Amino acid sequence: MTGDKRTAGDLGAWLCFEDESGQGLRPPKGRTWGWRGHTPVVRVTGGSNSPRLSLAALIAVKPGQAPRLVYRTHTGCKHGKDQHKGFAEADYARLLDAAHQQLGGPLVVVWDNLNTHVSRAMTGLIATRPWLTVFRLPPYAPELNPAEAVWSHLKRSLANLTKHNITELTTLVKTRLRRIQYQPGLLDGFLAKTGLDLTSM
């Protein structure tokens, strides 16, 4: 945990819960309609070495404001010695910078103990941003992070949909995430699901 123990309210800050996920060309499985005795078949193009879309997002909340969703995407491959599977420290820094600019105020960010979050490079990037305070979630506590619910909702919306290439997948994912951005009631539901009391932030 970095920074002091002042609350987001003391700082006049947005409280932000961050998480990351990934999606390949193989669609998540989901229920659908079909003729009795004939299981619907969805043909997919993604193999084990297909490009993968990495996602990072944060849900931001502040008293008197509607909750907000800020996200970024990154395309990488799952193999090869020069692979860049997901987000590096600089990518997270760009996400936080974008959130700071869009939200127009200091941020108190809560995230998990991913290696990239706790690395020396990330600690240095955090230290250069006086408007940023970071806290870590307890280990193995995904139920406390409302951003986890974003990925569950997103994957349900992608079930059984065929994407022929990474460009189509990226476009589809961004469209779905933009829909979530314009549904503050849905974001409120994600926050409520954690059971956290955010009234004293």
Side-chain angles (χ1 to χ4, degrees), residues 1-23 54-74 85-155 173 177-178 180-201:
M1 181 167 62
T2 65
D4 56 32
K5 294 187 178 181
R6 291 178 294 174
T7 66
D10 294 332
L11 298 168
W14 288 82
L15 178 61
C16 305
F17 295 89
E18 191 278 341
D19 195 48
E20 51 287 318
S21 184
Q23 180 63 50
S54 296
L55 310 165
L58 56 84
I59 293 180
V61 60
K62 185 177 181 180
Q65 302 283 345
R68 305 277 292 275
L69 174 68
V70 182
Y71 69 89
R72 288 293 182 271
T73 64
H74 170 80
K85 291 183 180 178
F87 285 78
E89 289 85 350
D91 299 311
Y92 285 113
R94 282 191 286 271
L95 170 66
L96 297 173
D97 288 342
H100 175 55
Q101 183 176 14
Q102 291 179 35
L103 299 173
L107 307 182
V108 173
V109 172
V110 180
W111 59 19
D112 60 23
N113 294 275
L114 185 71
N115 290 343
T116 316
H117 292 167
V118 301
S119 70
R120 181 177 299 179
M122 193 73 247
T123 300
L125 290 168
I126 292 169
T128 63
R129 290 161 170 79
W131 44 264
L132 176 62
T133 305
V134 173
F135 294 97
R136 299 178 196 164
L137 287 165
Y140 311 110
E143 70 280 359
L144 298 179
N145 192 341
E148 291 273 358
V150 173
W151 310 132
S152 296
H153 186 84
L154 173 67
K155 289 184 178 181
V173 165
L177 290 174
R178 279 195 294 270
I180 298 175
Q181 284 180 318
Y182 288 102
Q183 298 181 71
L186 184 60
L187 296 175
D188 277 329
F190 296 160
L191 290 160
K193 188 177 180 181
T194 66
L196 296 173
D197 180 8
L198 301 177
T199 59
S200 60
M201 58 176 283

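Sequence positions, counted from 1, serve as the residue numbers for this chain. Computed from a predicted model, the values in this text were never measured in an experiment.
Counting all heavy atoms, side chain and backbone alike, Pro138 lies closest to Asn113 at C-ND2, 4.2 Å. Looking at every heavy atom in both residues, Glu18 comes nearest to Ala56 through OE2-CB, 3.8 Å. Summarising the geometry of Ala121 relative to Glu89, their closest heavy-atom pair is CB-CG, 3.9 Å, with the distance given to 0.1 Å. Of all the heavy atoms in Asp91 and Gly86, the pair that sits closest is OD2-O, 4.2 Å. Taking each heavy atom of Thr128 and Pro130 in turn, the nearest pair found is O-CD, 3.4 Å. Of all heavy-atom pairs spanning Gly12 and Lys62, the tightest one is O-NZ, 3.4 Å.
Here the CG-CG distance, from Leu69 to Leu58, works out to 7.5 Å after rounding to the nearest 0.5 Å. Atoms CG and OH, on Asp112 and Tyr140 in that order, are 11.0 Å from each other to the nearest 0.5 Å. Put simply, OH on Tyr71 and OG on Ser21 are 14.5 Å apart, with the number rounded to the nearest 0.5 Å. With rounding to the nearest 0.5 Å, the separation of CG in Leu187 from CD in Gln181 is 8.5 Å. Interatomic distance, Leu96 CG to Trp111 CH2, rounded to the nearest 0.5 Å: 5.5 Å. Here the straight-line distance linking atom CG of Leu55 with atom CG of Leu177 works out to 6.5 Å at 0.5 Å rounding.
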### Query
Are Met122 and Val134 close enough, and set up right, to give a side-chain contact (heavy atoms from CB on, under 4.5 Å), and what steps lead you there?
CA-CA 11 Å; Met122 193 73 247; Val134 173; over 6 Å; no
### Query
So Val110 and Leu137, side-chain contact (heavy atoms from CB on, under 4.5 Å) or not? Walk me through it.
CA-CA 6 Å; Val110 180; Leu137 287 165; 3.6 Å; yes
#### Entry: Test side-chain contact (heavy atoms from CB on, under 4.5 Å) applied to Leu125 and Tyr92, step by step
CA-CA 9 Å; Leu125 290 168; Tyr92 285 113; over 6 Å; no
### Task
Assess whether side-chain contact (heavy atoms from CB on, under 4.5 Å) is satisfied between Phe87 and His117, documenting all intermediate values.
CA-CA 10 Å; Phe87 285 78; His117 292 167; over 6 Å; no
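By the 4.0 Å N-to-carboxylate-O rule, Asp97 lies too far from Arg94 to be salt-bridged with it.
Of the possible polar contacts, none joining the Asn145 side chain to the Pro142 backbone as a donor-acceptor pair under 3.5 Å is found. Although no hydrogens or angles enter the test, the distance criterion places a donor-acceptor pair under 3.5 Å between the side chain of Trp14 and the main chain of Leu103.
Counting heavy atoms from C-beta outward, Ile59 and Val150 have side chains that approach closer than 4.5 Å. Side chains of Leu191 and Leu196 form no contact here, defined as non-hydrogen atoms less than 4.5 Å apart.
Paired with Ser54 under the rule side-chain contact (heavy atoms from CB on, under 4.5 Å), one option of Gln23, Arg72, His74 passes, and it is His74.
Scanning for salt bridge (Lys or Arg N to Asp or Glu O under 4.0 Å) contacts around Asp188 gives an empty result, with sequence neighbours left out.
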